Amino acid sequence: QVQLVESGGGLVQAGGSLRLSCAASGRTGSSYAMGWFRQAPGKEREFVASISWSGSTTYYADSVKGRFTISRDNAKNMVYLQMISLKPEDTAVYYCAAGEGAATAIFYITRRAYNYWGQGTQVTVSS
C-alpha cells in the first residue's frame, strides 16, 4: 500500500501561482510513476500531468502546458506541481496519484493507470 497526502492548495487570484506537494508513504520502494489529476464541480476527474519513476519524462494536458510543471524528489518521496499564470478555470480539487511501473510518462495519462490516490487539495482561482 502507498499513502498519498496532498498539500499546498488555497485561494489565489487569476495570474497568481501555487505549488502543490504530495507526500508518499508506505510501500514506496517499488517503482511508481506519479500524476496529478483535478476535478471541478460537476465535471469528470481529468488528467493534469504525469512524471515517470526516474523523473526523466513528463507529460501534460494541453490546458496546462507551459503553465504547470511536475517534478519529484524520490529521496524525499515527494511530488510537486508548480502552477503559474493560474486561471479561474483551473479551480478544482487536485489529486495526487501513484501508478506502478517504470514506463515513460505518456503511459500514465488515464485514471486506470494509477493504483493509489490521495484525498485531494482544493485550488480556487478568483477572477
Side-chain angles (χ1 to χ4, degrees):
Q1 288 282 358
V2 174
Q3 292 78 45
L4 303 171
V5 178
E6 303 95 335
S7 61
L11 173 64
V12 64
Q13 288 189 330
S17 302
L18 278 176
R19 187 197 196 203
L20 305 184
S21 298
C22 174
S25 61
R27 196 166 64 92
T28 57
S30 301
S31 300
Y32 291 98
M34 300 297 294
W36 287 94
F37 285 71
R38 66 186 181 186
Q39 188 167 16
K43 294 189 176 181
E44 294 287 320
R45 191 173 299 189
E46 65 175 3
F47 169 78
V48 174
S50 60
I51 186 166
S52 60
W53 163 246
S54 67
S56 62
T57 62
T58 57
Y59 197 81
Y60 297 92
D62 288 343
S63 58
V64 306
K65 203 171 293 183
R67 299 188 299 121
F68 291 11
T69 302
I70 188 171
S71 61
R72 67 188 299 164
D73 184 339
N74 286 347
K76 297 181 179 179
N77 293 323
M78 295 292 294
V79 179
Y80 307 98
L81 186 68
Q82 179 68 50
M83 307 184 293
I84 66 171
S85 302
L86 283 161
K87 306 174 181 179
E89 50 263 44
D90 294 318
T91 295
V93 177
Y94 283 71
Y95 297 91
C96 174
E100 293 178 353
T104 188
I106 197 171
F107 287 96
Y108 297 91
I109 62 174
T110 61
R111 291 176 62 180
R112 60 186 170 206
Y114 294 89
N115 307 96
Y116 305 100
W117 294 83
Q119 292 300 305
T121 185
Q122 177 70 47
V123 171
T124 303
V125 184
S126 63
S127 58

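Because the structure is predicted, anything quoted here is derived from the model rather than measured.
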Self-check item: Flag side-chain contact, heavy atom, 4.5 Å: Gln82 against Arg19
Solution: yes
Quiz prompt | Straight-line distance of Gln39 CD to Glu44 CD, nearest 0.5 Å | solution = 7.0 Å
Quiz item: With a 4.0 Å cut-off, would you call Asp62 and Lys65 a salt bridge?
Solution: yes
Quiz item: With sequence neighbours left out, what residues match Phe37 under ring pair (Phe, Tyr, Trp, His ring centres under 6.0 Å)?
Solution: Phe47, Tyr114, Trp117
Quiz item: Taking all atoms of both residues into account, what is the closest heavy-atom pair of Ala40 and Ala92, and its distance?
Solution: N-CB, 3.8 Å
Self-check item: NZ/NE/NH1/NH2 to OD/OE distance under 4.0 Å, Glu89 and Lys43
Solution: no
Practice problem: Could you pull out the closest heavy-atom pair between Gly101 and Trp53, with the gap in Å? | Solution: O-CB, 4.1 Å
Quiz item: Taking C-beta and beyond as the side chain, do Met78 and Ser21 meet within less than 4.5 Å on heavy atoms?
Solution: yes
Quiz item: Any sub-3.5 Å donor-acceptor pair from Ser50's side-chain atoms to Ile109's backbone N or O?
Solution: no
Self-check item: Any donor-acceptor N/O pair, Asn74 side chain to Ser54 backbone, under 3.5 Å
Solution: no
Quiz item: When clusters are formed from ILVMFWY side-chain contacts under 4.5 Å, directly or step by step, what else is grouped with Met34?
Solution: Val2, Leu4, Val12, Leu18, Leu20, Tyr32, Trp36, Val48, Ile51, Tyr60, Val64, Phe68, Ile70, Val79, Leu81, Met83, Leu86, Tyr94, Tyr116, Val123, Val125
Exercise. Check for a donor-acceptor pair, side chain of Arg72 on one end and backbone N or O of Gly55 on the other, with a separation under 3.5 Å.
Key: no
Quiz item: Between Arg67 and Ser85, what is the shortest heavy-atom contact and its length?
Solution: NH1-O, 3.0 Å
Quiz item: Is there a donor-acceptor pair closer than 3.5 Å between any side-chain N or O of Glu6 and the backbone N or O of Gln119?
Solution: yes
Exercise. Kindly compute the distance separating OG (Ser127) from NZ (Lys87), expressed to the nearest 0.5 Å.
Key: 14.0 Å
Quiz prompt | Which residues share a side chain to side chain donor-acceptor pair (under 3.5 Å) with Thr57, sequence neighbours left out | solution = Ser52, Thr104
Exercise. Let me see the working for Arg38 and Thr91 under side-chain contact (heavy atoms from CB on, under 4.5 Å), right down to the final yes or no.
Key: CA-CA 9 Å; Arg38 66 186 181 186; Thr91 295; over 6 Å; no
Quiz item: Is Tyr108 reaching over with its side chain to a backbone N or O of Ala49, donor-acceptor style, under 3.5 angstrom?
Solution: no
Quiz item: So how far is it from Asp90 CG to Thr124 OG1, rounded to the nearest 0.5 Å?
Solution: 11.0 Å
